[in-house]
Student: 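Below is one structure. I have some questions about it.
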2 protein chains.
Amino acid sequence: MGEEKIELLKGTLDMLILKAIEPLPMHGYAIAQRIGQVSRDFFQLQQGTLYPALHRLEDRGLLKAEWRITETGREAKFYSLTRKGRRYLEAEIRGWERMTEAVALILRPSE
Amino acid sequence: MGEEKIELLKGTLDMLILKAIEPLPMHGYAIAQRIGQVSRDFFQLQQGTLYPALHRLEDRGLLKAEWRITETGREAKFYSLTRKGRRYLEAEIRGWERMTEAVALILRPSE
DNA sequence: TTCGATACCTGGAATATCTACCTATAAGGC
DNA sequence: GCCTTATAGGTAGATATTCCAGGTATCGAA
């Protein structure tokens with residue numbers, strides 16, 4: 001039993017990854033860093049969480065990967081959104097907003 | 001693959017159940033109805049989701065159950081929060097709020 | 001007497017996430 | 001030269017959650 005397990009992501013991981021690379025393609029390691037920074041260290045993606053997620057998203061045709069050279073001269077796999085991925089991200093964000101509104105109705109009833 | 005599966009709960013189920021019975025004890029069937037109504041039918045708990053969750057929460061000492069008679073004269077198992085459950089619920093709500101704030105930072109950066 | 005609503009439940013599948021591990025290269029300190 | 005840290009990729013297995021599909025039983029209404 002995961003007594004003290006801290007469940008942070010709660011199904012938001014795909015959306016966060018897709019959103020992170022929306023402005024410009026990034027490699028996995030940088031995605032984890034960026035999500036950590038922007039969320040003020042709330043989200044700290046482990047590699048065992050991140051990479052399988054990237055592969056899932058690629059298998060579903062939401063991302064595409066391309067080997068390139070980073071600005072520090074190393075090889076890395078850069079991920080970018082496909083058109084399908086962009087549509088999916090928009091739908092995910094709408095779904096997330098509707099979900100959090102529904103949760104808010106439960107948490108703060110009778111406003 | 002759950003192509004069109006509507007993923008609604010995303011780890012919020014325990015919190016929603018605990019919150020639903022916070023004001024007054026309820027039986028399982030009524031909990032599902034209440035969560036459905038208050039969320040304007042966004043959440044529609046299946047029984048195969050609800051009852052195992054209730055049992056989990058009871059096993060963890062967050063709820064306690066008691067057979068009583070409903071106002072329609074039927075037997076039903078009424079669940080109420082334990083003191084531990086009440087503390088847990090408060091912590092869950094704080095965690096949920098911090099999480100949604102962190103997600104908001106990702107979704108709407110640099111405001 | 002048959003049906004829908006109420007009320008309880010279980011079993012099995014699918015999925016996501018976490019922990020723990022692995023490989024390899026580059027940079028910098030000693 | 002050697003060691004550590006950061007960078008970059010990955011897999012395997014355990015666990016937990018949720019869903020789907022079924023099951024039991026009672027009650028009231030048509």
Side-chain angles (χ1 to χ4, degrees), chain A residues 1-18 21 25-37 42-60 62-63 65-79 92 99, chain B residues 1-18 25-37 42-60 62-63 65-79 92 95 99:
Chain A
M1 208 173 319
E3 282 293 3
E4 295 300 334
K5 179 112 113 312
I6 309 168
E7 267 289 332
L8 295 183
L9 291 166
K10 293 186 165 138
T12 63
L13 178 58
D14 291 357
M15 181 175 70
L16 296 181
I17 289 173
L18 295 174
I21 64 165
M26 302 176 77
H27 56 80
Y29 195 86
I31 293 171
Q33 286 193 316
R34 174 162 174 79
I35 288 178
Q37 284 165 9
F42 186 86
F43 295 117
Q44 296 179 339
L45 291 202
Q46 303 307 308
Q47 299 180 324
T49 302
L50 174 65
Y51 290 112
L54 287 170
H55 300 159
R56 278 200 308 272
L57 292 168
E58 191 181 4
D59 289 344
R60 293 169 64 192
L62 304 174
L63 298 180
E66 189 190 357
W67 286 97
R68 290 197 222 155
I69 307 295
T70 68
E71 67 270 8
T72 60
R74 303 181 61 149
E75 290 207 326
K77 224 168 167 182
F78 281 73
Y79 289 94
E92 280 279 283
M99 203 263 286
Chain B
M1 209 171 315
E3 282 294 1
E4 295 300 335
K5 180 114 113 314
I6 310 168
E7 269 288 333
L8 296 184
L9 290 168
K10 293 183 166 144
T12 64
L13 179 59
D14 291 358
M15 182 175 69
L16 297 181
I17 289 174
L18 295 174
M26 301 177 77
H27 56 80
Y29 195 85
I31 292 171
Q33 286 193 316
R34 174 161 175 80
I35 288 177
Q37 284 166 9
F42 186 87
F43 295 117
Q44 296 179 340
L45 291 202
Q46 303 307 310
Q47 298 182 325
T49 302
L50 175 65
Y51 290 112
L54 288 171
H55 300 159
R56 276 200 309 272
L57 293 168
E58 192 181 3
D59 289 344
R60 293 170 64 192
L62 304 174
L63 297 179
E66 189 189 358
W67 286 97
R68 289 196 221 155
I69 307 295
T70 68
E71 67 270 6
T72 60
R74 303 181 62 151
E75 288 207 328
K77 221 168 168 181
F78 281 73
Y79 289 93
E92 281 279 282
M99 201 264 286

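Just so we're on the same page: letters track the sequence lines, and every chain starts at 1.
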Student: It should be established whether Lys77(A) places a side-chain nitrogen or oxygen under 4.0 Å from OP1 or OP2 of nucleotide dG10(D).
Tutor: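 Yes, within the criterion.
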Student: At less than 4.0 Å, is any side-chain N or O atom of Gln33(A) found next to OP1 or OP2 of dA6(D)? Yes or no.
Tutor: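 Answer is no, no contact under 4.0 Å.
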Student: Among dA8(D), dG10(D), dC8(C), which nucleotide sits nearest the side chain of Tyr51(B)?
Tutor: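 Given the options dA8(D), dG10(D), dC8(C), the side chain of Tyr51(B) is closest to dC8(C).
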Student: How close do Glu92(A) and Met15(A) get, heavy atom to heavy atom, and via which atoms?
Tutor: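 Nearest heavy atoms, Glu92(A) then Met15(A): O-SD, 3.8 Å.
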Student: Rounded to whole angstrom units, what separation is found between the CG atom of Leu13(B) and the P atom of dT18(D)?
Tutor: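 To the nearest whole Å, that distance equals 5 Å.
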Student: Report the C-alpha separation of Arg56(B) and Ile17(B) in whole Å, then their side-chain angles, then the decisive distance to 0.1 Å, and conclude whether the side chain to side chain contact (heavy atoms under 4.5 Å, CB included) test is met.
Tutor: CA-CA 12 Å; Arg56(B) 276 200 309 272; Ile17(B) 289 174; over 6 Å; no
Student: Rounded to the Å, how far apart are His27(B) NE2 and dA5(C) C1'?
Tutor: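 In whole Å, dA5(C) C1' and His27(B) NE2 are 12 Å from each other.
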Student: Would you say dT7(D) has OP1 or OP2 under 4.0 Å from some side-chain N or O of Thr70(A)?
Tutor: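 For dT7(D), neither OP1 nor OP2 has a side-chain N or O of Thr70(A) closer than 4.0 Å.
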Student: Atom CD1 of Ile69(B) and atom C1' of dT26(D): how far apart are they, to the nearest Å?
Tutor: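 It is 12 Å, rounded to the nearest whole Å.
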Student: Rounded to the nearest Å, what distance is computed from the CG atom of residue Leu45(B) to the P atom of nucleotide dC9(C)?
Tutor: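 So the two atoms are 15 Å apart, to the nearest Å.
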Student: Nearest-Å distance, CZ (Arg56(A)) to C1' (dT17(C))?
Tutor: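 Result: 8 Å.
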Student: In whole angstrom, give the distance that lies between atom OH of Tyr29(A) and atom C1' of dT23(C).
Tutor: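 It works out to 15 Å between those atoms.
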Student: Assign each of Arg74(B) and His55(A) to its nearest nucleotide of DNA chain D by heavy atoms, then name whichever residue's nucleotide is nearer the 5' end.
Tutor: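 Upstream on the strand: His55(A).
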Student: Both Thr72(A) and Pro52(A) contact DNA chain C. Taking the nearest nucleotide for each, which residue is further toward the 5' end?
Tutor: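 It is Pro52(A), whose closest nucleotide lies nearer the 5' terminus.
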Student: Tell me what Gly73(A) touches on the nucleic acid: a base, only sugar-phosphate, or nothing, going by heavy atoms under 4.0 Å.
Tutor: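 Counting heavy atoms under 4.0 Å across all strands, no contact is made by Gly73(A).
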Student: Is Gln44(B) touching bases, backbone alone, or none of the nucleic acid, heavy atoms closer than 4.0 Å?
Tutor: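 The residue Gln44(B) makes no contact with any strand.
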Student: Output, in order, the C-alpha distance, side-chain angles, deciding distance and verdict of side chain to side chain contact (heavy atoms under 4.5 Å, CB included) for Ile31(B) and Leu16(B).
Tutor: CA-CA 9 Å; Ile31(B) 292 171; Leu16(B) 297 181; over 6 Å; no
Student: Rounded to the nearest Å, what distance is computed from the CD atom of residue Glu75(A) to the P atom of nucleotide dG10(D)?
Tutor: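 Computing the Glu75(A):CD to dG10(D):P distance gives 12 Å.
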Student: Determine whether any donor atom in the side chain of Gln47(B) lies under 3.5 Å from an acceptor atom in the base of dC8(C), or the reverse, and answer yes or no.
Tutor: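 Pair found.
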Student: Tell me: CG of Leu50(B) to C1' of dA21(D), nearest whole Å?
Tutor: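 Result: 16 Å.
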Student: Look at the rings of His55(B) and Tyr51(B) and say which category their plane angle falls in: under 30° parallel, 30 to 60° tilted, over 60° perpendicular.
Tutor: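 Rings of His55(B) and Tyr51(B): tilted, 30 to 60°.
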Student: Going by the ring-ring contact (aromatic ring centres under 6.0 Å, His included) test, name the single residue among Trp67(B), Tyr79(B), Phe78(B) that passes it with His27(B).
Tutor: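 Only match with His27(B) under ring-ring contact (aromatic ring centres under 6.0 Å, His included): Phe78(B).
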Student: Measure from the side chain of Thr49(B), starting at C-beta and using heavy atoms only, and say which of dC8(C), dT19(C), dT18(D) lies closest.
Tutor: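 From the listed options, dT18(D) comes nearest.
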